[in-house]
Amino acid sequence: MPVPADKFFFIDANRCIGCQSCVQACSECDTHKGHSMIHLEYVNRRESPQTLPVVCMHCDSPTCAEVCPADAIKRTEDGVVQSARKPRCIACNNCVLACPFGVPKMETSMELMMKCDMCYDRTSVGKKPMCATVCPSGALHFGTMAEMEAMRPLSRPINQFQFGAQTIHTKVRMMVPKHSAITHLDVADGMFDSETADDGDAMLSAAVFELPIL
Amino acid sequence: MKPNWMQPEAVRAGIRGMIAMLVLAGLILLGSRRLAHFDAALVGYLFASLFAMFGITYRYSMWLQRPPTAMYWRRGWQAIFRRRARASNLGLGLRRTISAFALNVFIFRRSFLRGLAHWLIMWGCLIGCGITFPLVFGWIHFEFAGEGYEFYRAYVFGFPTLAFGVESWLGFMIFHGLVWASFLVIAGVMLAMRRRMRNHDALVMQRFGEDILPLFMLFAVSITGLMLVVSYSWLNGFAYEFLSITHAVTVIFTLLWMPFGKFFHLFQRPAQIGVAFYKDAGASGDQAICARCDEPFASRMHIEDLIEVEKQLGYHYEMATESTDHYQRICPRCRRVSLALAQGQAWKKS
């Protein structure tokens with residue numbers, strides 16, 4: 001069964017509180033038993049407590065799959081980019097290095113690339129992915145567009161990203177200010193001179209922006 | 001625009017497939033001494049094998065022409081034969097081959113039962129193929145040795161080799177080689193089917209043609225082969241003709257399916273060894289330093305190769321910044337952080 005067409009995965013990294021719930025829940029998923037596929041990163045641990053969860057964005061044209069010499073990574077018809085097929089993956093690490101979002105993980109001892117597959121055993125039957133089920137702050141949410149609009153009246157989702165000269169469209173959406181003019185996120189905006197306390201604060205202020213007290 | 005089968009890479013693959021098929025046909029003529037030792041009853045198997053040879057070579061050639069595969073095929077061989085490491089690579093290659101292919105250590109690490117299922121199926125198939133193909137091609141035949149009928153001698157490519165007693169323990173083991181292979185395959189298929197029927201990940205991801213059909217075919221080949229033995233050993237040849245035709249159909253279908261389905265991974269997997277040597281070569285060379293955090297994160301050779309492959313695939317990750325000319329020079333962690341920071345910047349600007 002495909003993932004329901006009206007359900008989307010929304011990421012709002014600003015809202016992450018670093019509780020690790022998603023990491024633990026992810027490792028309990030049946031499609032990658034015992035292995036957590038989420039990256040929970042500190043932006044700059046010395047300066048700020050800000051964390052961010054990274055799941056697969058499920059690109060329309062997945063670079064990881066294209067650069068795979070073993071042709072091991074497949075995208076299902078409903079747009080979910082699956083983990084490497086076990087009989088084929090030769091553990092070359094190409095996907096890990098090529099993914100513009102830095103998502104795939106290499107399990108060297110098993111000679112196998114593993115990555116977030118949006119808990120396909122769950123989402124393909126209409127359930128939420130494990131991480132979105134347990135996230136207490138709404139940094140990860142799986143639901144309809146209408147649900148998201150009601151929950152975040154000041155935000156809107158986008159799925160277009162710019163990496164240098166390359167534009168990537170994804171199945172997973174990321175939240176940006178509703179009334180800004182941006183049509184895409186350019187990774188270069190956050191890339192250089194950004195490991196400062198000021199950036200951590202920028203993310204924090206974005207998180208509190210939608211609290212009812214402001 | 002030309003149809004797919006007329007594209008240059010498809011034509012090249014077709015020519016290579018034909019050459020491989022003709023070479024095999026030539027080896028069959030040679031090994032069977034101009035078909036003198038060829039068993040005409042096995043002609044169906046022969047033509048299925050020739051087709052499988054064409055199909056496998058065609059698909060392998062198409063696979064090798066994909067830009068990333070072509071790159072790592074070339075780089076893998078260069079790494080294996082690089083001058084400074086030739087001697088050590090020989091021992092390392094042997095160790096890796098035994099660990100990965102003879103023992104399936106990496107699959108056992110994924111799960112014990114998964115490893116066991118694969119190991120049983122793999123060795124069952126290897127023994128089965130090792131016996132069947134040389135017999136079908138007439139590369140091996142047996143003749144009585146000496147004056148009496150007590151000893152057999154095996155002839156390989158027409159050359160006499162080992163002799164053994166017809167009633168000996170060794171003879172029993174050799175003549176029942178396919179029976180032992182069937183036992184291994186059936187046990188492995190049972191374990192694999194159990195996983196495919198019970199595990200949630202297998203249930204949601206598996207495809208009939210890719211994952212289930214090969215198991216059915218291996219089971220069918222093994223069980224019909226065993227039934228032949230049962231028929232001539234204990235049932236005075238009851239239904240032997242029907243069973244032999246059924247067995248032939250299952251084997252021929254399996255051979256014809258080899259280039260298309262999961263069985264093709266048999267021919268892809270050796271690339272794993274080349275990749276290991278490529279990683280060794282990378283680790284002993286210059287390292288790529290992340291343009292954002294200044295930390296090493298991969299071999300420079302790997303990053304440069306990846307940039308070239310992405311260019312061939314039509315990706316444009318080039319960047320026009322002071323710090324770097326290409327997004328590939330940013331480490332995966334910095335990519336993850338940078339995107340979130342870009343999102344934060346969007347809120348800050350708004």
Side-chain angles (χ1 to χ4, degrees), chain A residues 13-14 30-33 39 41 43 52 54 63 66-71 82 86-88 90-94 96-103 109-112 120-121 124 161 163-166 174-177 179-180 182 185-192 194-195 199 202-203 205-206 209, chain B residues 63 66 68-69 71-73 100 106-107 109-110 199-201 203-205 262 265 268-269 271-272 275 278-279 292-293 297-298 302-303 306 309-310 313 315-323 326-328 330-350:
Chain A
N14 296 316
D30 268 341
T31 55
H32 40 85
K33 301 174 206 76
H39 299 268
E41 300 285 357
V43 176
L52 55 106
V54 180
T63 312
E66 293 279 339
V67 301
C68 175
D71 198 16
Q82 300 291 349
K86 293 181 179 75
R88 290 192 187 180
I90 54 174
C92 68
N93 228 30
N94 254 16
V96 174
L97 294 173
C99 170
F101 299 98
V103 166
S109 66
M110 300 193 291
E111 307 246 350
L112 181 67
Y120 201 61
D121 60 324
S124 61
F161 304 89
F163 304 92
Q166 182 66 45
M174 197 170 256
M175 306 307 290
V176 296
H179 300 297
S180 69
I182 60 170
L185 277 180
D186 190 336
V187 72
D189 292 344
M191 192 174 285
F192 296 109
S194 53
E195 291 211 6
D199 287 307
M203 291 184 73
S205 59
F209 187 62
Chain B
W63 178 59
R66 295 177 67 242
T69 321
M71 170 69 82
Y72 295 104
W73 168 265
F106 70 102
I107 308 180
R109 285 189 186 131
R110 294 174 186 176
N199 285 18
H200 289 172
D201 59 331
L203 285 169
V204 71
M205 306 291 289
K262 194 174 196 169
H265 85 273
Q268 290 180 307
R269 280 240 65 107
Q272 183 178 344
V275 160
Y278 178 70
K279 285 182 180 173
R292 182 172 178 271
C293 67
F297 66 101
H302 199 163
I303 295 302
L306 205 46
V309 165
E310 285 177 352
L313 290 168
Y315 283 105
H316 300 287
Y317 285 109
E318 294 82 8
M319 300 188 93
T321 66
E322 283 179 15
S323 304
H326 203 281
Y327 186 59
Q328 275 306 326
I330 306 294
C331 74
R333 183 190 177 274
C334 285
R335 293 178 201 177
R336 296 193 283 271
V337 171
S338 298
L339 188 69
L341 288 174
Q343 186 205 16
Q345 290 295 328
W347 283 96
K348 197 174 174 185
K349 285 176 194 166
S350 74

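Naming convention: chains lettered A, B, ... in sequence-line order (proteins, then strands); numbering from 1 in each chain.
Once rounded to the nearest 0.5 Å, the distance linking CG of B:Leu203 with CG of B:Asp201 reads 8.0 Å. For the atom pair CZ (A:Phe161) and CG (B:Leu339), the distance works out to 5.5 Å, reported to the nearest 0.5 Å. Expressed to the nearest 0.5 Å, how far CZ of B:Arg336 lies from CG of A:Leu52 amounts to 9.0 Å. Between the NE2 atom in B:His326 and the NE2 atom in B:His316 there is a gap of 10.0 Å [rounded to 0.5 Å].
Interface check for chain A: of the options B:Val309, B:Ile303, B:Thr69, the most heavy-atom pairs under 4.5 Å are formed by B:Thr69. Of the residues considered (B:His265, B:Arg110, B:Met205), B:Arg110 shows the highest number of contacts with chain A, using heavy-atom pairs under 4.5 Å. Interface remark: of the candidates A:Ala188, A:Pro100, A:Cys68, A:Pro100 forms the most heavy-atom pairs closer than 4.5 Å to chain B. Taking chain B as the reference chain and counting heavy-atom pairs below 4.5 Å, the highest number among A:Val96, A:Val103, A:Thr31 is found for A:Thr31. Between chain B and the residues A:Met175, A:His179, A:His32, the largest count of heavy-atom pairs under 4.5 Å involves A:Met175. Interface check for chain B: of the options A:Val54, A:Asp30, A:Leu97, the most heavy-atom pairs under 4.5 Å are formed by A:Leu97.
The side chain to side chain contact (heavy atoms under 4.5 Å, CB included) test applied to A:Glu111 returns A:Ala91, B:Phe106, B:Gln272, not counting sequence neighbours.
Only the side chain of A:Ile182 comes within contact range of chain B, with heavy atoms under 4.5 Å apart. When heavy atoms are compared at a cutoff of 4.5 Å, B:Leu313 approaches chain A solely by way of its side chain, counted from C-beta outward. Proximity to chain B involves both the backbone and the side chain of A:Val187, based on heavy atoms less than 4.5 angstrom apart. Both the backbone and the side chain of A:Ser109 come within contact range of chain B, each with at least one heavy atom under 4.5 Å from a heavy atom of that chain. Heavy-atom distances place both the backbone and the side chain of A:Lys86 under 4.5 Å from chain B. For a residue to count as touching a neighbouring chain, one of its non-hydrogen atoms must lie under 4.5 Å from one of that chain's; by this rule B:Ile107 does not touch chain A. Only the side chain of B:Tyr72 comes within less than 4.5 Å of a heavy atom in chain A; its backbone stays farther off. The contact between B:His302 and chain A is made entirely by side chain atoms (from C-beta outward), counting heavy-atom distances below 4.5 Å. With a 4.5 angstrom heavy-atom cutoff, A:Asp186 touches chain B only via backbone atoms. In this structure, the portion of B:Arg66 lying under 4.5 Å from any heavy atom of chain A is its side chain and not its backbone.
Because its NZ or CZ atom is both nearer than 6.0 Å to the ring centre of B:Tyr327 and within 45° of the ring axis, B:Arg335 counts as a cation-pi partner of that residue.
What you find for A:Leu185 and B:Ala346 is that their closest heavy atoms are CD2-CB, 4.0 Å. Taking all atoms of both residues into account, the shortest heavy-atom contact from B:Trp63 to A:Pro69 is NE1-O, 2.9 Å. A:Thr63 approaches B:Glu310 most closely through the heavy-atom pair CG2-OE2, 3.9 Å. For the pair A:Ala70 and A:Ile90, the tightest heavy-atom approach, listed with the atom from each and the gap, is CB-CG1, 4.2 Å.
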